[in-house]
Number of protein chains: 2
Amino acid sequence: MMLSQTEENYLKAIYSLAYANSNNISTTLISEAVKTKASSVTDMIQKLADKDLVHYKKYQGVSLTKIGQKIAVEIVRKHRLWEVFLLNKLHYNWDEVHELAEQLEHIKSDTLTDKLEAFLEFPTHDPHGDPIPDKEGNIEHHNNTMLSSVETGKSCVVIGLKDSSDPFLKFLDKLQIQLGNTLKVISKEPFDNSMLVETATTSISISNQISKNIFIKKL
Amino acid sequence: MMLSQTEENYLKAIYSLAYANSNNISTTLISEAVKTKASSVTDMIQKLADKDLVHYKKYQGVSLTKIGQKIAVEIVRKHRLWEVFLLNKLHYNWDEVHELAEQLEHIKSDTLTDKLEAFLEFPTHDPHGDPIPDKEGNIEHHNNTMLSSVETGKSCVVIGLKDSSDPFLKFLDKLQIQLGNTLKVISKEPFDNSMLVETATTSISISNQISKNIFIKKL
DNA sequence: AAAATAATTTAGATAAGGCTAAAAATAAAT
DNA sequence: ATTTATTTTTAGCCTTATCTAAATTATTTT
Ligand SMILES: [Mn+2]
Ligand SMILES: [Mn+2]
Ligand SMILES: [Mn+2]
Ligand SMILES: [Mn+2]
């Protein structure tokens, strides 16, 4: 099945939204994700339904079919592998790779993705900590433990981000927080749920908004 | 200036045709190069003329403007750098890289090309021996000495190909001729201008059609 | 120089993806 | 249970890149 870049972007958007929202995905949510108008989304999901890539009943929102899901995961796989390439090989920063990967994920080839994966030595996660699906489409999600849930006095390792937007990434750069860093919770402020956190080099105060967006593994 | 992939392909086609034909390029030639109908070409070259990328007078064919030429060379640069990446890093064969580079050359970024070039350690030629333009668009063409012009008894090194089509590349694979190989002309057949050539491992007969398509450096 | 042929341009259509504005359906609030 | 507000769909139009068929210009051939 030969899909346009636009169709691929819709599938990927629906996939991400379904992961975050579980039930049927609304036209409006998709329109925000692909930055277009709701009326255009209706057109496109009807087209995708004709191609059996989404389940769709008028006014009821959409969900991916088996084949739609498979294609979406392939695009996610390509996106994340290209991000690894851009960071590890071309030395981009983690806040620069997403935009370029948005283009590179649409390169069509039967062999490119697997060759790229081998060249990168089979990375398991992208620069933002998101898991990279394997060749068969299997994907190991992390188990949603956030920094906000760590008890006072306990330590943890940063393994991922819920929000990987450029501003958030730049903000973490400023705090000198990177994937793999060990953080220790010194104290928690009941008033606003902020926490004092010890990094390798210093101590910083982190708002609840931030700590709810950082995936960690407890130590 | 933000150009579509289609517009970029037209500019690149006109650039290549101009290098091979020198004078103004006809609508028909372009239509063959971009695999479309002549009427579509007329539409597009009018659009490119409006954007000052080509010089165009009705019925007189087109030539690239300074800015059109600059853009075309940038795309050629990207194409050839990606081909080097695909061959050197992902271990594709030289007959497989072109199709993928046709897609990759359209990735838009201010920084990607230069970073890719640095990562590849500033290659000067692509896998088919074609010169890679530098950052400023300077390009060193080879001096059009063909294998067919080598005298009997003399040796030469293969440095490039006039025709880099997949069938020709596969044929050279069969003959075990690669870039960098030294060839010695054993004898020439006046009747059909074929030649007997000694390679590192064996002797082969090469037709004039082939020897006219192989750039060499005399030793 | 006129006629025939070939190349090029124009005119009119189509398909993809998008938009605005209006209509229809669903959800929320009285 | 109505009314109101929100969401979704439809209808009609636009742009880009393509096509076919017809008209026009250029090039050959006689
Ligand atoms: Mn990304
Ligand atoms: Mn990512
Ligand atoms: Mn090529
Ligand atoms: Mn090449």
Side-chain angles (χ1 to χ4, degrees), chain A residues 1-14 17-18 20-64 68 71-72 75 102-103 105-106 108, chain B residues 1-14 17-18 20-64 68 71-72 75 102-103 105-106 108:
Chain A
M1 177 145 14
M2 181 61 187
L3 299 179
S4 69
Q5 294 200 184
T6 307
E7 290 170 316
E8 290 188 347
N9 283 335
Y10 272 85
L11 292 180
K12 193 166 63 111
I14 296 166
L17 291 167
N21 300 272
S22 82
N23 44 341
N24 277 14
I25 304 306
S26 75
T27 302
T28 311
L29 269 180
I30 299 172
S31 76
E32 286 162 4
V34 302
K35 296 191 204 311
T36 187
K37 293 297 157 73
S39 56
S40 303
V41 172
T42 301
D43 279 350
M44 179 56 89
I45 62 188
Q46 285 169 350
K47 208 174 112 187
L48 295 175
D50 288 345
K51 295 188 179 186
D52 287 317
L53 298 173
V54 298
H55 298 294
Y56 171 58
K57 277 211 196 86
K58 273 190 189 179
Y59 295 100
Q60 301 310 124
V62 296
S63 61
L64 292 175
I71 294 170
I75 303 164
E102 283 295 320
Q103 298 181 61
E105 71 191 3
H106 300 294
K108 303 283 193 301
Chain B
M1 179 146 11
M2 181 61 185
L3 299 179
S4 69
Q5 295 200 182
T6 307
E7 291 170 316
E8 290 188 347
N9 282 335
Y10 272 85
L11 291 180
K12 191 166 64 112
I14 295 166
L17 291 167
N21 300 271
S22 82
N23 45 340
N24 277 16
I25 304 306
S26 74
T27 302
T28 310
L29 268 181
I30 299 171
S31 76
E32 286 161 4
V34 301
K35 296 190 204 311
T36 187
K37 294 297 157 72
S39 56
S40 303
V41 172
T42 302
D43 279 349
M44 180 58 87
I45 62 189
Q46 285 169 350
K47 208 174 110 188
L48 294 175
D50 288 344
K51 295 188 180 186
D52 287 316
L53 299 172
V54 299
H55 298 293
Y56 171 60
K57 277 211 195 86
K58 273 190 189 181
Y59 296 98
Q60 302 309 124
V62 297
S63 61
L64 292 174
I71 294 170
I75 302 164
E102 283 295 321
Q103 298 181 60
E105 71 191 3
H106 301 294
K108 304 281 194 302

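Predicted, not measured: the structure shown is a model, and the values here were computed from it. We name chains A, B, ... by the order of the sequence lines, and we start the count at 1 in each one. Every heavy atom of this structure was used, including side-chain atoms; hydrogens, water molecules and symmetry mates were not.
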At what distance, to the nearest 0.5 angstrom, does CD1 of A:I45 lie from OG1 of A:T27? 4.0 Å
Is there a donor-acceptor pair closer than 3.5 Å between any side-chain N or O of B:K108 and the backbone N or O of B:H106? yes
Check the distance between D:dT18's C1' and B:M44's CE and give it to me in whole angstrom. 10 Å
Nearest-Å distance for atom pair CD/P, residues B:E7 and D:dT18: 10 Å
Return the value, rounded to whole Å, for the distance between atom CG of A:L48 and atom P of C:dA16. 12 Å
Name the residue from B:T36, B:L53, B:L3 that meets the side-chain contact (heavy atoms from CB on, under 4.5 Å) definition with B:Y10. B:T36
OP1 or OP2 of C:dG18 versus the side-chain N and O atoms of A:Y10: is any pair under 4.0 Å? yes
To the nearest 0.5 angstrom, please state how far the CG atom of B:D43 sits from the NZ atom of B:K37. 14.0 Å
Just how far, in rounded Å, is P of D:dT8 from CD of A:Q46? 13 Å
If you round to the nearest 0.5 Å, how far is CG of A:N24 from CG of A:L17? 12.0 Å
Check whether any side-chain nitrogen or oxygen of B:T27 sits under 4.0 Å from OP1 or OP2 of C:dT9, and answer yes or no. yes
Could you list the protein-to-nucleotides 19-21 of chain D atom pairs, N/O on both sides, closer than 3.5 Å?
| residue | atom | partner | partner atom | Å |
| --- | --- | --- | --- | --- |
| D:dC19 | OP2 | B:T36 | OG1 | 2.4 |
| D:dC19 | OP2 | B:K37 | N | 3.0 |
| D:dC19 | OP2 | B:S40 | OG | 3.0 |
| D:dT20 | OP2 | B:K37 | NZ | 2.7 |
| D:dT20 | O4 | B:S39 | OG | 3.0 |

Within less than 4.0 Å of OP1 or OP2 of D:dA26, is there a side-chain N or O belonging to B:K58? no
Touch check for B:T42, heavy atoms < 4.0 angstrom, all strands: base, sugar-phosphate only, or nothing? base
Would you indicate which nucleotide in D:dT8, C:dG18, D:dA26 comes nearest to any side-chain atom of B:Y59? D:dA26
Expressed as a whole number of angstroms, how long is the span from A:L29:CG to D:dT8:P? 8 Å
Protein-nucleotide distance (A:K57, atom NZ; D:dT9, atom P), rounded to Å: 13 Å
With both distances under 3.5 Å as the test, what is the Watson-Crick or G-U wobble partner of D:dT30? C:dA1
Atom CD1 of A:I45 and atom P of D:dT8 are separated, to the nearest Å, by 9 Å
Could you state the atom-to-atom distance from CG of B:N24 to P of C:dA7 in whole Å? 17 Å
Rounded to the nearest 0.5 Å, what's the gap from CG on B:D50 to OH on B:Y56? Could you check? 10.5 Å
Once rounded to the nearest 0.5 Å, what's the spacing between atom CD1 of B:I14 and atom NZ of B:K12? 12.5 Å
